[in-house]
Engineer: 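Before I ask anything, here is the structure I am working with.
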Amino acid sequence: MTKKITIAIDGYAACGKSTLAKALAQALNYTFIDSGAMYRAVAFYCLEKQFVDNQGVIQKKQLEKFLSEIEIEMTPDQRIFLNKQDITDAIRTPRVANVVSQVATIKSVRSKLVELQHAMGKNGGIVMDGRDIGTVVFPDAELKIFVTASTEVRTARRLAELNATGAHVAANEVTKNLLERDYLDSTRLESPLKQAANAIVLDTTYLSREEQLQWALERVRLLITN
Ligand code: DC
C-alpha cells in the first residue's frame with residue numbers, strides 16, 4: 001500500500017469513531033487525529049477561565065476575546081496540550097462533555113480548529129474523526145465512513161470509558177448527554193453533523209473492534225489498488 005489517502009470518519013457520539021480511526025491509522029502507518037479532542041480542549045479552556053455562567057451557558061463573547069490565546073498541540077502518542085498543559089485526561093470528564101457541543105456551535109471556534117485540521121492533513125496519510133470531516137474539513141477525502149450504533153451500545157461503551165478513568169456516572173445520565181449532544185451537533189447552523197453524500201455507513205452495533213478494522217481496511221485496499 002503505497003498511495004497515502006485521506007480518510008474521514010464521522011458519526012454520532014460514542015459510536016466507536018475514534019477507536020476505529022486509531023486502529024486504522026496504526027494498521028496503515030497513517031496519522032490519527034481525534035478532532036473532537038480539539039473541541040473538548042476549547043471547552044476545557046472555557047471551564048478553567050470560568051467563561052460559563054451558572055446555568056451552564058458558555059459566554060461566547062468572552063471566549064472569542066481570548067480565542068487567539070488558545071494554542072492546541074497534539075502529539076503522535078495521542079496526548080493533547082492546551083497552552084503547554086497536558087489535558088489528555090481532563091477533557092474526558094462529564095464536566096467537559098456537558099458543555100462541548102455548545103462550544104462546537106461557535107463559528108469562530110470552528111474556523112480556528114478547521115484551519116489547524118487542514119494543516120495537519122495537508123500531506124494525506126491521515127485518518128481524522130469528528131462530525132464534519134467528510135462534509136467540511138476534507139470534502140475530497142478518498143474514503144468517508146459514517147459510523148452508527150444503537151443508543152444502548154453507545155451508552156455501554158461510553159460508560160466503560162468513563163469507568164476506566166475512575167469516573168462513576170449513572171447510565172441514564174450518559175444516555176441523556178449522548179442524545180443531547182447528538183441533537184445539538186446535528187441541528188446547529190455551523191457545519192452540522194450529517195452523512196456526506198459519498199460516505200459509506202458502518203453500523204458498529206454488532207461488530208467487534210477487529211471486525212470494524214477489517215471492514216475498513218478492505219475499503220482502503222479497494223481504493224488503493226484500483
Ligand atoms: O467526538 P467527541 O465526542 O469527543 O466530540 C466532542 C464534541 O465536539 C461533540 O459534541 C461535537 C463536537 N465536534 C464537532 O462539532 N466537530 C468535530 N469535527 C468533532 C467534534
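Values below: every heavy atom of this structure, side chains too, minus hydrogens, waters and symmetry copies. Ligands are counted one by one from 1 in listed order, and the atoms in each one are counted from 1 as well.
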Engineer: Do K4 and Y30 form a cation-pi contact, if we require the NZ or CZ to be under 6.0 Å from the six-membered ring centre and within 45 degrees of the ring's axis?
Structural biologist: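 Judged by the rule (NZ or CZ under 6.0 Å from the ring centre, within 45° of its axis), K4 is not positioned above Y30.
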
Engineer: Once the angle between the rings of F66 and F51 is folded into 0 to 90°, is it parallel (under 30°), tilted (30 to 60°) or perpendicular (over 60°)?
Structural biologist: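 Ring orientation, 0 to 90° scale: tilted.
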
Engineer: Can you name the salt bridge (Lys or Arg N to Asp or Glu O under 4.0 Å) partners of D203, sequence neighbours left out?
Structural biologist: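 D203: no salt bridge (Lys or Arg N to Asp or Glu O under 4.0 Å) contacts found.
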
Engineer: Would you say F32 and M74 are hydrophobically clustered, going by side-chain heavy atoms of ILVMFWY under 4.5 Å?
Structural biologist: no

Engineer: Note every protein N or O atom lying under 3.5 Å from an N or O atom of ligand 1, pairing the names and giving the distance.
Structural biologist:
unit_1   : atom_1 : unit_2 : atom_2 : d
ligand 1 : 1 (O)  : R131   : NH1    : 2.9
ligand 1 : 3 (O)  : R40    : NH2    : 3.3
ligand 1 : 3 (O)  : R131   : NH2    : 3.2
ligand 1 : 3 (O)  : R181   : NH1    : 2.9
ligand 1 : 4 (O)  : R40    : NE     : 2.7
ligand 1 : 4 (O)  : R40    : NH2    : 3.4
ligand 1 : 10 (O) : S101   : OG     : 2.8
ligand 1 : 10 (O) : R181   : NH1    : 3.1
ligand 1 : 10 (O) : D185   : OD1    : 3.4
ligand 1 : 10 (O) : D185   : OD2    : 3.0
ligand 1 : 15 (O) : R110   : NH1    : 2.8
ligand 1 : 15 (O) : R110   : NH2    : 3.4
ligand 1 : 15 (O) : R188   : NH1    : 2.8
ligand 1 : 15 (O) : R188   : NH2    : 3.0
ligand 1 : 16 (N) : R110   : NH2    : 3.0
ligand 1 : 18 (N) : S35    : OG     : 2.9
ligand 1 : 18 (N) : R131   : N      : 3.2
ligand 1 : 18 (N) : D132   : OD1    : 2.8

Engineer: side-chain hydrogen bond (donor to acceptor under 3.5 Å, both in side chains) for Q214 and E210? Distances and angles first, verdict last.
Structural biologist: CA-CA 6 Å; Q214 291 311 325; E210 187 53 32; 2.7 Å; yes

Engineer: Is K61 paired with D53 through a side-chain N to carboxylate O contact shorter than 4.0 Å?
Structural biologist: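 Not counted as a salt bridge, because no side-chain N and carboxylate O are separated by less than 4.0 Å.
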
